[in-house]
Amino acid sequence: MKIHPSSRLLLTASMIIFGTLGLFTRNISLSSGELALYRAVLAAALILVYLTVTGQSLPIGTIRRELPLLIVSGMAMGINWVLLFQAYRFTTISMATLSYYFAPVIVIVACPILFREKMTPRQLICFVMSTAGLVLIIGAGGAGNGTDLIGVLFGLGAAVFYATVILMNKFIRQVTGIHRTLIQFGGAILILLPYVALTGGFHLGSLDGRGWICMLIVGLVHTGITYCMYFSSLKDLSGQETAVLSYMDPLVATLISVLLLGEPMTPAQALGGVMILGFTLWNELPQKERR
């Protein structure tokens, strides 16, 4: 498979941008539900403008067949965002992100059940060691407090819904790239709009200048532009390279949390994060690459 340098650059850039998400959400004084809703609305609007300007149309026939699954996966994506933003509010960005990256481990466990795939010894080791890493993050190593625990649990909830999106996408075969992303953002809006209306309402008017700027960056850059960059790069990269570069996201988030914001991380929590990321990455790499 020929690897395009531009695709590698796109994926790397998108992962770095994703890693800065928590930094910007900290400056938006809205509920997690509102923030997730406006994120989806801004991103969907940007993609619609792009499709209109470039003269692209939605493949209605194809979308119609897989529309229900696209909508449901988009709803799961919206819930995933709400839980992740809640995690940012209760614990450090690094702890929220590392617990969120437990999602691949959930996928490993779910695949044998849903797709009748046999769990390999390597996958079993990955599950056991990543779970041990999660225990360290939660505080078995003597770190953390009640608020941290709540944040990590929200991060794990986000991981469950992120894993759900990943698993649902395995059944979506006809709709790809930007069209899939647009419909899934629509699904997120469908569930987040009534949720926000019923749980406190809308407070855009309460945002100050910094909040508006951060909101636009989260919606347009972190979601609209970066999701398009991410999906555009995948078609030209191997699964192995995608897996390796994807770990730029939690790495950047952790560096921002510890070095830029000065948020605490104990050695036990750092070890737990390394175990989760290291063993899930090891599981995704082909055997021949580790010789």
Side chains of [X] and [Y], heavy atoms from C-beta outward: is any pair under 4.5 Å?
{"X": "T181", "Y": "C228", "result": "no"}
{"X": "Y100", "Y": "N80", "result": "yes"}
{"X": "L46", "Y": "L42", "result": "no"}
{"X": "L37", "Y": "E34", "result": "no"}
{"X": "M265", "Y": "T254", "result": "yes"}
{"X": "R180", "Y": "E66", "result": "no"}
{"X": "V218", "Y": "Y38", "result": "no"}
{"X": "L182", "Y": "L58", "result": "yes"}

Check whether more than 12 heavy atoms from other residues, nucleotides or ligands sit under 6.0 Å from atom [atom1] of [X], and answer yes or no.
{"X": "R210", "atom1": "CZ", "result": "no"}
{"X": "F185", "atom1": "CZ", "result": "yes"}
{"X": "F202", "atom1": "CZ", "result": "yes"}
{"X": "Y50", "atom1": "OH", "result": "no"}

I need the minimum non-hydrogen distance between [X] and [Y], along with the two atoms involved.
{"X": "A87", "Y": "G151", "answer": "CB-O, 3.3 Å"}
{"X": "S130", "Y": "T280", "answer": "OG-CG2, 3.8 Å"}
{"X": "A159", "Y": "A103", "answer": "O-CB, 3.5 Å"}
{"X": "M75", "Y": "L190", "answer": "CE-CB, 4.2 Å"}
{"X": "L48", "Y": "T52", "answer": "O-OG1, 2.8 Å"}
{"X": "A163", "Y": "I106", "answer": "CB-CG2, 3.8 Å"}

Would you give the length of the straight line joining atom [atom1] of [X] to atom [atom2] of [Y], rounded to the nearest 0.5 angstrom?
{"X": "I213", "Y": "D208", "atom1": "CD1", "atom2": "CG", "value": "9.0 Å"}
{"X": "L30", "Y": "L204", "atom1": "CG", "atom2": "CG", "value": "6.0 Å"}
{"X": "L255", "Y": "M248", "atom1": "CG", "atom2": "CE", "value": "9.0 Å"}
{"X": "L153", "Y": "S99", "atom1": "CG", "atom2": "OG", "value": "8.5 Å"}
{"X": "Y227", "Y": "I178", "atom1": "OH", "atom2": "CD1", "value": "14.0 Å"}
{"X": "L35", "Y": "I28", "atom1": "CG", "atom2": "CD1", "value": "4.5 Å"}

Residues S29, L207; criterion side-chain contact (heavy atoms from CB on, under 4.5 Å); working and verdict = CA-CA 7 Å; S29 57; L207 286 179; 3.8 Å; yes
What pairs with M129 under side-chain contact (heavy atoms from CB on, under 4.5 Å), at least two apart in sequence or on another chain?
-> I125, M275, F279
Between [X] and [Y], is there shared hydrophobic-cluster membership here, with clusters defined by ILVMFWY side-chain heavy atoms closer than 4.5 Å?
{"X": "L251", "Y": "V274", "answer": "no"}
{"X": "V41", "Y": "V49", "answer": "no"}
{"X": "F171", "Y": "I108", "answer": "yes"}
{"X": "L259", "Y": "I256", "answer": "yes"}

Please assess L83 against V160 for the test side-chain contact (heavy atoms from CB on, under 4.5 Å), listing each intermediate value before the final yes or no.
-> CA-CA 10 Å; L83 294 173; V160 169; over 6 Å; no
For the backbone of [Y] and the side chain of [X], can you confirm whether one donor and one acceptor N or O come within less than 3.5 Å of each other?
{"X": "T12", "Y": "R8", "answer": "yes"}
{"X": "S73", "Y": "V165", "answer": "no"}
{"X": "T223", "Y": "L220", "answer": "no"}
{"X": "E263", "Y": "I93", "answer": "yes"}

Sequence neighbours excluded, which residues qualify as side chain to side chain donor-acceptor pair (under 3.5 Å) partners of T91?
->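 In terms of side chain to side chain donor-acceptor pair (under 3.5 Å), with neighbours along the sequence ignored, T91 is linked to D148.
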Using the side-chain contact (heavy atoms from CB on, under 4.5 Å) rule, take I71 and I183 through it: C-alpha gap first, then chi angles, then the decisive distance, then the call.
-> CA-CA 7 Å; I71 294 296; I183 301 300; 4.1 Å; yes
Which residue, F161, F90, Y88, forms the ring-ring contact (aromatic ring centres under 6.0 Å, His included) with F154?
->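 Testing each of F161, F90, Y88 against F154, the sole residue satisfying ring-ring contact (aromatic ring centres under 6.0 Å, His included) is F90.
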Mind running side-chain contact (heavy atoms from CB on, under 4.5 Å) on C111 and L167 for me, showing each step along the way?
-> CA-CA 8 Å; C111 280; L167 293 169; 4.0 Å; yes
Under 3.5 Å, which donor-acceptor pairs do the side chains of residues 13-23 form with other protein atoms, sequence neighbours left out?
residue: S14; atom: OG; partner: L10; partner atom: O; Å: 3.3
residue: S14; atom: OG; partner: L11; partner atom: O; Å: 2.7
residue: T20; atom: OG1; partner: I17; partner atom: O; Å: 2.7
residue: T20; atom: OG1; partner: H222; partner atom: NE2; Å: 2.8

